[in-house]
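Report on one structure; see the data block that follows.
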There are 2 protein chains.
Amino acid sequence: MDIEKSFREKGVRLTHQRRVLIDTLRDAHRAMTAQELYKEASMAWPHINFSTIYRNIETLKSVGLICEMTDGTGNTLFAYRDEEEHHHHLVCKNCGKTISFDFCPLIELKQVLDETGFMPTGHRFEVYGYCKECRKDRL
Amino acid sequence: MDIEKSFREKGVRLTHQRRVLIDTLRDAHRAMTAQELYKEASMAWPHINFSTIYRNIETLKSVGLICEMTDGTGNTLFAYRDEEEHHHHLVCKNCGKTISFDFCPLIELKQVLDETGFMPTGHRFEVYGYCKECRKDRL
DNA sequence: CCTCCAGTTGCAAATTATTTGCATCTACAC
DNA sequence: GTGTAGATGCAAATAATTTGCAACTGGAGG
């Protein structure tokens with residue numbers, strides 16, 4: 001996937017700060033909060049600002065470069081989106097690592113939706129727990 | 001389900017404020033944010049305080065009287081829990097009405113969990129959209 | 001290359017959401 | 001009734017997110 005091209009197509013500029021955010025999330029291989037992202041990104045670009053983080057989370061979501069999820073306790077997490085296709089995640093509560101899988105439970109709901117006349121526009125399916133490594137650490 | 005009994009068993013007092021919160025959520029038949037709950041509850045008990053709301057959301061969750069969910073845009077919503085069994089929800093983005101169903105997608109993940117060695121401790125599955133009535137309103 | 005300007009950033013301040021300390025109050029076991 | 005652990009109200013502290021605005025800059029078009 002050509003990042004520069006997708007940005008250009010949406011009329012969005014690829015600024016230094018945006019590169020830093022993308023690289024930070026991609027290299028982290030884990031989901032993090034906006035606050036953590038700020039800290040991590042600050043290492044690479046010290047003067048980066050919080051409002052830039054928040055504004056760009058929206059931008060990167062709209063470009064499809066990041067996924068938004070929650071950590072199971074109400075905090076919102078963001079992770080680099082490494083899959084083109086629709087997917088969901090297992091999220092490790094210890095290290096933040098995300099494992100994506102392509103099963104989507106929405107298809108199983110056809111009957112419920114038909115019966116209730118509910119029209120879905122979005123959904124969320126996340127599993128919280130401990131990855132293989134962190135699970136060991138906790139024994 | 002006997003509310004007074006479940007409270008007593010947990011050593012939790014059934015105060016007037018807690019009754020107001022429970023009644024507010026039960027009678028609303030919809031999911032709402034802490035802020036909305038404050039407004040609604042204030043009608044019935046004008047001097048109720050925000051800290052009481054927040055503290056009791058935790059209490060009522062632990063007693064199993066309310067469900068927590070999100071509205072799809074990051075806001076946390078709470079609804080009266082009308083089912084004993086584990087379940088998930090369809091949440092109307094217009095009126096907040098929730099429709100619960102008992103299908104749980106976690107069982108479909110056995111293979112993914114086995115393959116990855118991930119140990120789940122919690123999960124979330126919510127569907128956002130428009131209920132039968134609100135869907136009409138939008139045509 | 002250079003120029004231009006709409007899109008973007010930094011900063012500071014405003015909002016909004018949530019939590020906490022503490023004195024006072026009250027549900028309820030006895 | 002009475003005593004007391006648990007709850008509440010209030011105000012103030014935190015934390016999280018958004019916004020206004022002047023200054024800056026990526027990149028399209030010369």
Side-chain angles (χ1 to χ4, degrees), chain A residues 2-24 31-63 65-66 68-78 96, chain B residues 2-24 31-63 65-66 68-78 96:
Chain A
D2 183 345
I3 293 179
E4 309 202 0
K5 188 164 162 243
S6 8
F7 269 62
R8 209 175 311 121
E9 280 169 1
K10 303 231 177 189
V12 174
R13 287 192 194 159
L14 190 44
T15 64
H16 190 130
Q17 289 87 335
R18 283 178 180 157
R19 283 182 198 273
V20 167
L21 292 182
I22 295 167
D23 290 348
T24 300
M32 55 179 89
T33 62
Q35 314 281 327
E36 287 174 308
L37 179 54
Y38 170 70
K39 269 189 219 134
E40 296 279 319
S42 295
M43 313 252 180
W45 193 242
H47 285 300
I48 201 163
N49 195 272
F50 245 122
S51 47
T52 302
I53 306 286
Y54 281 109
R55 286 191 274 229
N56 280 314
I57 280 171
E58 290 311 308
T59 307
L60 298 184
K61 268 201 292 182
S62 76
V63 177
L65 271 176
I66 64 176
E68 177 179 333
M69 62 197 82
T70 63
D71 70 352
T73 68
N75 299 319
T76 304
L77 303 180
F78 304 95
Chain B
D2 183 345
I3 292 178
E4 309 202 0
K5 190 162 162 244
S6 11
F7 269 62
R8 210 175 309 120
E9 279 168 1
K10 303 232 175 188
V12 174
R13 288 192 192 158
L14 189 44
T15 63
H16 190 129
Q17 289 87 336
R18 284 177 179 156
R19 283 181 197 274
V20 168
L21 292 182
I22 295 166
D23 290 349
T24 301
M32 55 180 90
T33 63
Q35 314 281 328
E36 285 174 310
L37 178 54
Y38 170 70
K39 269 190 221 135
E40 296 281 319
S42 295
M43 313 252 179
W45 193 243
H47 285 298
I48 201 162
N49 195 274
F50 246 121
S51 47
T52 302
I53 306 284
Y54 281 109
R55 286 191 273 231
N56 280 315
I57 280 171
E58 290 312 307
T59 307
L60 299 184
K61 268 202 291 183
S62 77
V63 177
L65 270 176
I66 64 176
E68 177 178 333
M69 62 197 81
T70 63
D71 70 351
T73 67
N75 299 318
T76 304
L77 302 180
F78 305 95

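By convention in this document, chain letters (A, B, ...) are assigned in the order of the sequence lines, proteins followed by strands, and residues within each chain are numbered from 1. In what follows, every heavy atom counts, from backbone to side chain, and hydrogens, waters and symmetry copies are set aside. Quick caveat: nothing in here was measured; it's all calculated off a predicted structure.
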[N] phosphate, OP1 or OP2: any side-chain N/O from [X] under 4.0 angstrom?
X: B:N75; N: C:dA17; answer: no
X: A:T52; N: C:dG10; answer: yes
X: B:N49; N: D:dA11; answer: no
X: B:Y54; N: C:dT19; answer: no
X: A:T15; N: C:dT9; answer: yes
X: B:Q17; N: D:dG9; answer: yes
X: A:Q35; N: D:dA16; answer: yes

* Expected output: side-chain A:E40 to main-chain A:L37 donor-acceptor under 3.5 Å -> no
* Is there a donor-acceptor pair closer than 3.5 Å between any side-chain N or O of A:R18 and the backbone N or O of A:N56? -> no
Round to the nearest Å and state the distance from [X] atom [atom1] to [N] atom [atom2].
X: A:K10; N: D:dA28; atom1: NZ; atom2: P; value: 17 Å
X: A:R18; N: D:dT25; atom1: CZ; atom2: P; value: 15 Å
X: B:F50; N: D:dA12; atom1: CZ; atom2: P; value: 17 Å
X: B:H16; N: C:dC25; atom1: NE2; atom2: C1'; value: 15 Å
X: B:I57; N: C:dA17; atom1: CD1; atom2: C1'; value: 11 Å
X: B:F7; N: D:dG6; atom1: CZ; atom2: P; value: 15 Å
X: B:R8; N: C:dC28; atom1: CZ; atom2: P; value: 8 Å
X: B:E9; N: C:dC28; atom1: CD; atom2: P; value: 14 Å

Over all atoms of both residues, closest heavy-atom pair of [X] and [Y]:
X: B:T33; Y: B:F78; value: C-CD1, 4.5 Å
X: B:M43; Y: B:P46; value: O-CD, 4.4 Å
X: B:Q17; Y: B:T52; value: CB-CG2, 4.1 Å
X: B:L21; Y: B:A41; value: CD2-CB, 3.8 Å

* Should A:I22 and A:F7 count as side-chain neighbours, where that means a heavy-atom distance under 4.5 Å? -> yes
Please enumerate all protein N or O atoms sitting under 3.5 Å from an N or O of nucleotides 1-3 of chain C, with distances to 0.1 Å.
none

* **Selection from D:dT8, C:dT9, D:dA7 that lies nearest to any side-chain heavy atom of B:V12** => D:dA7
Check every strand shown and say whether [X] touches a base, only sugar-phosphate, or nothing at a heavy-atom separation below 4.0 Å.
X: B:T33; answer: nothing
X: A:H47; answer: sugar-phosphate
X: A:R55; answer: base

* Report yes or no: is there a donor-acceptor pair, N or O only, under 3.5 Å between the side chain of B:R13 and the base of C:dT26? => yes
* Asked: Is it true that atom NZ of B:K39 has more than 12 heavy atoms of other residues, nucleotides or ligands lying nearer than 6.0 Å?
  -> no
* Structure fact -> Assign each of B:A34 and B:L14 the nucleotide of DNA chain C bearing its closest heavy atom; nearer the 5' end lies the nucleotide of B:A34
